[in-house]
> 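Handing you this structure, nothing more for now.
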Number of protein chains: 2
Amino acid sequence: MSYTPPVKDMLFAMRHLAQLDRVAALPGFEDFGVETAEAVLEESARLCREVVAPLNVVGDRQPSRWHDGRVTATPGFKEAYRLFAQGGWQGLAHPQAYGGQGAPRLIAAACAEMLHAANVSLGLCPMLTDGAIEALLMAASPALRDKYAAPLIAGTWTGTMNLTEPQAGSDLAAVRTRAQPQADGTYRLDGTKIFITWGEHDMADNIVHLVLARLPDAPPGVKGISLFVAPKFLVREDGSLGDRNGVQCVSIEHKLGIKASPTAVLQFDGAVAELVGEPNRGLAYMFVMMNAARFTVGLQGIAVADRAYQQALAFARERVQGRALGSNEAAPPIVQHPDVRRKLLTMKASIEGARALAYVAAAAGDAAHHAQDERERRDNLALYEFLVPVVKGHSTELAVELASLGVQIHGGMGFIEETGAAQHYRDARILPIYEGTTAIQANDFVGRKTLRDGGAVARAVCEGIAQTERALAEQDGEDFRVMRQSLHAGRMAFESAVDYVLAHAADQPVRVYAGAVAYLRLAGVVLCGWQLARAMLAAYASHDEDLAFGEAKMATARFYAEALMPQALALEAALLAAGGTVERVHADML
Amino acid sequence: MSYTPPVKDMLFAMRHLAQLDRVAALPGFEDFGVETAEAVLEESARLCREVVAPLNVVGDRQPSRWHDGRVTATPGFKEAYRLFAQGGWQGLAHPQAYGGQGAPRLIAAACAEMLHAANVSLGLCPMLTDGAIEALLMAASPALRDKYAAPLIAGTWTGTMNLTEPQAGSDLAAVRTRAQPQADGTYRLDGTKIFITWGEHDMADNIVHLVLARLPDAPPGVKGISLFVAPKFLVREDGSLGDRNGVQCVSIEHKLGIKASPTAVLQFDGAVAELVGEPNRGLAYMFVMMNAARFTVGLQGIAVADRAYQQALAFARERVQGRALGSNEAAPPIVQHPDVRRKLLTMKASIEGARALAYVAAAAGDAAHHAQDERERRDNLALYEFLVPVVKGHSTELAVELASLGVQIHGGMGFIEETGAAQHYRDARILPIYEGTTAIQANDFVGRKTLRDGGAVARAVCEGIAQTERALAEQDGEDFRVMRQSLHAGRMAFESAVDYVLAHAADQPVRVYAGAVAYLRLAGVVLCGWQLARAMLAAYASHDEDLAFGEAKMATARFYAEALMPQALALEAALLAAGGTVERVHADML
């Protein structure tokens with residue numbers, strides 16, 4: 001149950017597909033060229049492999065425990081988190097002005113993938129802390145930023161996002177937590193928040209809760225929600241910790257997976273809080289945090305899938321069973337069986353495609369914030385925001401499917417908990433749910449990402465795919481030919497889906513939104529395939545660097561083109577045809 | 001977390017698709033017409049709903065426990081099993097000569113579906129007992145039959161199947177358990193068997209182990225395996241129980257799901273056994289048992305999926321969240337959201353299609369054994385055997401996918417164990433593994449079921465589909481037109497897959513077997529769609545019987561045609577294209 005970060009494939013995707021050299025040419029990223037990236041990834045890999053990964057199974061067997069309002073993290077987690085913080089990893093992508101390292105998102109993405117592959121439960125704590133840091137840096141006053149940012153970035157404190165309430169899950173308009181202004185300019189919070197990841201624990205000195213709540217005069221719905229910061233321990237002027245604040249962890253959940261990550265019910269009883277940014281703009285701030293978190297959850301999907309893949313591959317190489325087709329010779333390891341290889345290739349190709357797409361998105365995020373040219377910033381921001389729901393929705397659905405395949409490869413042993421394959425199957429299941437379900441991602445992809453700009457980014461992406469098709473056509477050989485045909489068919493399916501969405505969303509919204517998940521998955525299948533097509537070209541061009549890697553990449557990409565890209569046809573058909581029937585079926589016909 | 005057996009849809013499938021009237025016209029089944037079927041199903045439904053279903057969650061939280069060689073079943077299971085046995089349900093499909101009721105498989109299939117939907121863990125005990133009964137009735141001497149069949153059929157004793165050993169999972173040729181002949185004509189068994197379902201428990205007076213083992217002079221491989229019967233307690237001449245036999249339960253497994261079903265490691269130390277049938281023919285006998293068990297596991301897939309569906313539907317009707325598209329009015333229950341309805345329809349359509357196909361297979365099984373005309377028996381046997389791997393492989397893979405959708409419909413609540421949706425996701429995961437993994441089913445489907453007869457049954461099935469297409473063409477209306485086009489496209493994909501398998505299996509076996517699972521799933525998608533097409537015609541013809549049921553069936557079938565049947569295209573493409581790449585990829589390229 002070990003985990004080896006796939007540094008070689010990560011660097012390949014960063015260099016050849018996400019164009020690390022262009023990221024390193026952006027102002028502020030001059031120190032993050034390929035050699036630095038390699039050094040950072042190797043160092044991150046060492047920590048993840050040696051310290052974090054072995055704790056994954058410990059967390060599953062000894063979940064974090066609640067007792068009398070306090071949560072004790074899984075044995076070993078506190079020490080591992082301290083090493084993580086001391087290594088500066090919490091501050092990797094945050095500003096140097098607050099003690100961070102100011103690295104590009106692209107490098108941070110690879111490090112995040114490793115961390116979550118090593119241990120999703122542990123990785124969630126830094127992920128939520130990142131969200132709190134980003135919200136504060138974006139929206140808070142200088143005084144609040146000074147108070148909270150440095151200890152969060154140093155990892156001596158951790159952060160949380162308090163959105164959900166019992167009646168307000170995906171629909172934040174229903175938030176009821178109240179914020180009462182006080183004479184001293186602070187606020188008092190009252191309400192109950194649920195599903196608060198790492199909402200209480202003993203791994204850090206303080207916990208900084210970012211909380212959505214309503215002011216007394218707030219308008220109803222989403223336009224009346226403000227963002228507050230309420231620490232577990234009040235913070236004195238000099239930055240030292242004072243009294244316990246009025247927020248209690250009343251219980252944690254008993255979950256299917258990620259059991260070491262305490263999912264808290266937090267009760268705010270007159271908790272002292274400060275307003276972050278302007279009143280009633282909380283949802284807008286939260287969306288920025290959520291976009292970052294959504295992208296990282298997409299990485300979690302790739303991460304858990306890769307962990308499951310590594311485990312299944314190791315098992316398949318060792319397990320001896322059956323005999324080779326058409327032979328009565330001694331039993332081979334099951335990796336020799338055609339169907340086992342087919343399953344492993346499905347995992348490998350899906351993971352490598354999804355990884356490449358996520359890294360391309362991360363590089364776009366870097367250019368969106370650091371490019372000098374305004375138009376370049378704007379175009380890259382649009383591309384990044386277009387890709388986030390695809391990375392989140394598609395990679396997490398893949399994680400569930402691939403972790404299931406991983407169990408299947410183990411046969412009966414996969415169903416035995418001690419084997420470890422089942423943990424990935426359980427852990428993966430939350431990924432398409434939290435930080436916005438796949439349906440929420442799909443609605444975002446239809447509404448904000450396709451309709452709002454009249455399909456401009458979608459069509460630009462299609463033109464990028466067409467360029468890759470032309471580049472494939474210039475190469476000789478069967479692999480390129482097969483990929484070109486497959487990619488072309490995929491693009492046609494995606495273009496027809498975009499046209500359908502644009503043509504019918506206004507007059508037949510139920511029909512279109514009934515197919516939103518198919519539309520998102522179709523985009524995911526084709527865009528990941530596109531990245532593998534680009535990977536094919538890059539692997540061929542850099543063939544002499546690493547012959548075996550290049551050959552494996554060619555075969556993996558070709559397998560994707562043959563076996564996985566055709567899913568686009570089924571998804572297109574479902575999107576275009578089924579909406580009317582969904583509309584016609586009433587609840588009492590189910 | 002209640003469960004209501006879908007008696008109406010079961011009877012619809014039995015009457016209109018599996019042609020219950022023709023089954024009831026077979027010799028020996030005269031007493032099992034539609035009224036009897038209805039009465040039997042209602043009585044079974046009452047037991048399953050009231051007694052068995054409420055124990056499902058109990059079993060998940062309080063698994064059966066091992067202590068010092070003895071297993072204590074989950075609280076309540078012993079009493080429920082006693083009611084089941086006393087009601088005559090264990091003997092439902094077994095011969096009246098041994099105390100059974102002699103009902104058709106078709107009726108027994110519906111009852112089995114209910115039992116497993118109510119509680120897979122509990123249902124496994126009768127399922128394994130059925131296997132033991134069938135093996136004995138088929139292969140054992142009259143003396144052995146008399147000794148064991150009646151108490152097994154009465155449910156006072158239960159049965160097990162002992163195949164797997166640590167080194168012999170899917171590959172039974174590797175069985176090592178030894179059988180030593182004794183002077184008195186009995187044998188002594190020595191060896192270790194693993195994954196023995198209900199291998200030890202306290203629900204019955206005795207446990208009858210059917211065991212694969214090797215005689216001293218046995219040839220190597222599968223042709224040297226014999227079948228033995230070894231009871232937990234030795235049985236005296238008069239049928240009373242004697243000494244404890246030399247078989248011990250040394251441990252039970254800690255599993256992902258079906259936790260109430262004890263999965264035993266059995267140690268045979270000179271256990272007294274009797275030979276069943278002829279020496280070295282054990283595998284052939286076991287295959288008959290396994291075919292029956294495989295079919296029932298297919299029913300388990302439908303059952304768990306339906307239980308997950310019922311739970312998700314109930315949640316979706318109650319959970320209030322978000323707002324209707326294009327409206328700011330009060331929040332509707334989430335069943336109103338287009339994507340939730342899409343997910344529920346996916347579950348409903350898949351389940352109803354798979355149920356119909358399984359019942360059609362059961363009816364073929366009845367005709368295979370009871371028809372007067374030899375050719376009719378032979379044709380029906382061939383059809384039944386063709387369908388078994390599809391029912392097993394496709395329905396169980398569906399169960400995993402649909403239970404996962406069921407969790408997703410619950411959002412964050414689905415990940416909380418107390419909600420109950422997660423249990424189905426965990427329970428379902430064993431179904432594509434035990435009684436032959438999906439890959440084993442697919443290899444059987446390619447080898448024994450398609451190649452061996454040169455595709456004769458496959459082509460006869462295609463002709464049946466074409467007939468349904470012609471019947472659809474005779475109807476007016478958009479629903480029929482859409483289904484006809486979709487079914488036609490599905491049949492074309494299946495025919496092309498059959499042609500491919502027949503053309504290339506001999507010279508390119510790795511390529512073909514690399515696509516075997518795609519071939520099986522393609523068959524599953526198209527044949528279930530075919531049954532829904534037939535259901536459409538039948539619902540229309542009997543429209544005035546139940547208007548609401550008919551309308552729901554039409555819409556469900558149309559949704560399948562639009563949203564699910566197109567998967568056939570992707571599966572066909574994967575089968576035809578990807579085998580060469582799988583062949584080319586060596587283990588060190590993964």
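Please read these numbers as outputs of a predicted model, since none were measured by experiment. Numbers restart at 1 for each chain; the letters A, B, ... are given by sequence-line order, proteins then strands.
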> Less than 4.5 Å to any heavy atom of chain B: does that hold for the side chain of Phe549(A), its backbone, both, or neither?
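Phe549(A) has no heavy atom closer than 4.5 Å to chain B.
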
> Heavy-atom cut-off 4.5 Å, strictly under: side chain, backbone, both or neither for Gln310(A) against chain B?
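Looking at Gln310(A), nothing touches chain B.
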
> Under a 4.5 Å heavy-atom cutoff, which of Ala577(B), Ala574(B), Gly580(B) has the most pairs with chain A?
Ala577(B)

> Provide the closest heavy-atom pair for Leu522(A) versus Ala493(A) in the form atom of the first, atom of the second, distance.
CD2-O, 3.7 Å

> Any idea which of Arg584(A), Glu253(A), Arg342(A) has the most non-hydrogen atom pairs under 4.5 angstrom with chain B?
Arg584(A)

> Heavy atoms, side chains only, cut-off 4.5 Å: are Ile252(A) and Thr263(A) in contact?
no

> Side chain, backbone, both or neither: which part of Phe195(A) has a heavy atom under 4.5 Å from chain B?
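Looking at Phe195(A), just its side chain touches chain B.
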
> Where is the tightest heavy-atom contact between Thr581(B) and Ala555(A), given as atom of each residue plus distance?
CG2-O, 3.3 Å

> Decide yes or no on side chain to side chain contact (heavy atoms under 4.5 Å, CB included) for Phe415(B) and Tyr434(A), but give the supporting numbers first.
CA-CA 10 Å; Phe415(B) 202 65; Tyr434(A) 65 15; over 6 Å; no

> Cut-off 3.5 Å, side chains only: do Arg429(B) and Gln408(A) have a donor facing an acceptor?
yes

> Side chain, backbone, both or neither: which part of Ala516(B) has an atom under 4.5 Å from a heavy atom of chain A?
neither

> For the pair Phe315(A) and His410(A), name the ring-plane relationship: parallel under 30°, tilted 30 to 60°, perpendicular over 60°.
tilted

> Can you say whether Glu583(A) sits under 4.5 Å from chain B via the side chain, the backbone, both, or neither, judging by heavy atoms?
backbone

> Identify which part of Ala439(A) has an atom lying under 4.5 Å from any heavy atom of chain B, answering side chain, backbone, both or neither.
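Answer is both: backbone and side chain atoms of Ala439(A) are under 4.5 Å from chain B.
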
> Can you name the closest pair of heavy atoms from Pro338(A) and Tyr513(B) and give their distance?
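Answer, listing the atom of Pro338(A) first, then Tyr513(B): CB-C, 4.0 Å.
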
> Which bit of Ile258(A) comes within less than 4.5 Å of chain B, counting heavy atoms only: side chain, backbone, both or neither?
both

> Name the option with the most non-hydrogen atom pairs under 4.5 Å to chain A; the candidates are Val335(B), Ile430(B), Ile440(B), Leu569(B).
Ile430(B)

> In terms of heavy-atom proximity below 4.5 Å to chain A, should Thr438(B) be classed as side chain, backbone, both, or neither?
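Both parts, backbone and side chain.
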
> Where does Lys553(B) contact chain A at under 4.5 Å (heavy atoms): side chain, backbone, both or neither?
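Answer is neither: Lys553(B) stays 4.5 Å or more from chain A.
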
> Any ion pair linking Glu562(A) and Arg511(B) (charged N to carboxylate O, less than 4.0 Å)?
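Looking at Glu562(A) together with Arg511(B), the answer is no, because their closest N to O distance does not fall below 4.0 Å.
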
> For the candidates Ala422(A), Gly257(A), Ala548(A), Gly515(A), which exhibits the highest count of non-hydrogen atom pairs separated by less than 4.5 Å from chain B?
Gly257(A)

> So what's closer than 4.5 Å to chain B heavy atoms on Lys348(A): side chain, backbone, both or neither?
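Side chain of Lys348(A) only, per the 4.5 Å heavy-atom cut-off to chain B.
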
> Relative to chain A, which segment of Met413(B) carries a heavy atom at a distance below 4.5 Å: side chain, backbone, both, or neither?
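Both backbone and side chain.
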
> Given a strict heavy-atom distance threshold of 4.5 Å, which part of Ala587(B) is in contact with chain A: side chain, backbone, both, or neither?
both

> Among Thr437(B), Leu345(B), Leu590(B), single out the residue with the greatest number of heavy-atom pairs under 4.5 Å to chain A.
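That would be Leu590(B).
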
> Under 4.5 Å heavy-atom distance to chain B, tell me which part of Ile416(A) shows up: side chain, backbone, both or neither.
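It is both, since atoms from each part get that close.
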
> What heavy-atom pair brings Glu397(A) and Pro432(A) nearest, and what distance separates the two atoms?
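Heavy-atom minimum between the residues: OE2-CB, 3.6 Å.
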
> When you check the gap from the basic side-chain N to the acidic O, do Arg426(B) and Glu417(B) get nearer than 4.0 Å?
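A salt bridge links Arg426(B) with Glu417(B).
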
> By a 4.5 Å heavy-atom criterion (distance strictly below it), what part of Ala573(A) contacts chain B: side chain, backbone, both, or neither?
both

> Side chain, backbone, both or neither: which part of Asp479(A) has a heavy atom under 4.5 Å from chain B?
side chain

> Please give me the minimum heavy-atom distance between Gly393(A) and Thr396(A), naming the atom from each residue.
O-OG1, 3.2 Å

> Which of the residues Val517(A), Asp588(A), Val340(A), Val512(A) is involved in the greatest number of heavy-atom pairs with chain B at under 4.5 angstrom?
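Ranked by heavy-atom pairs under 4.5 Å with chain B, first place is Val517(A).
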
> What are the two closest non-hydrogen atoms of Val400(B) and Ala428(B), and how far apart are they?
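That closest heavy-atom pairing would be CG2-O, 3.6 Å.
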
> Side chain, backbone, both or neither: which part of Glu401(A) has a heavy atom under 4.5 Å from chain B?
neither

> What part of Pro220(A) gets within 4.5 angstrom of chain B, counting heavy atoms only: side chain, backbone, both, or neither?
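Neither part.
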
> For the CD atom on Glu478(A), are there more than 12 heavy atoms of other groups (residues, nucleotides or ligands in this structure) within a distance under 6.0 Å?
yes

> Evaluate side chain to side chain contact (heavy atoms under 4.5 Å, CB included) for Glu165(B) paired with Leu172(B), printing each intermediate quantity in order.
CA-CA 8 Å; Glu165(B) 299 179 9; Leu172(B) 294 172; over 6 Å; no

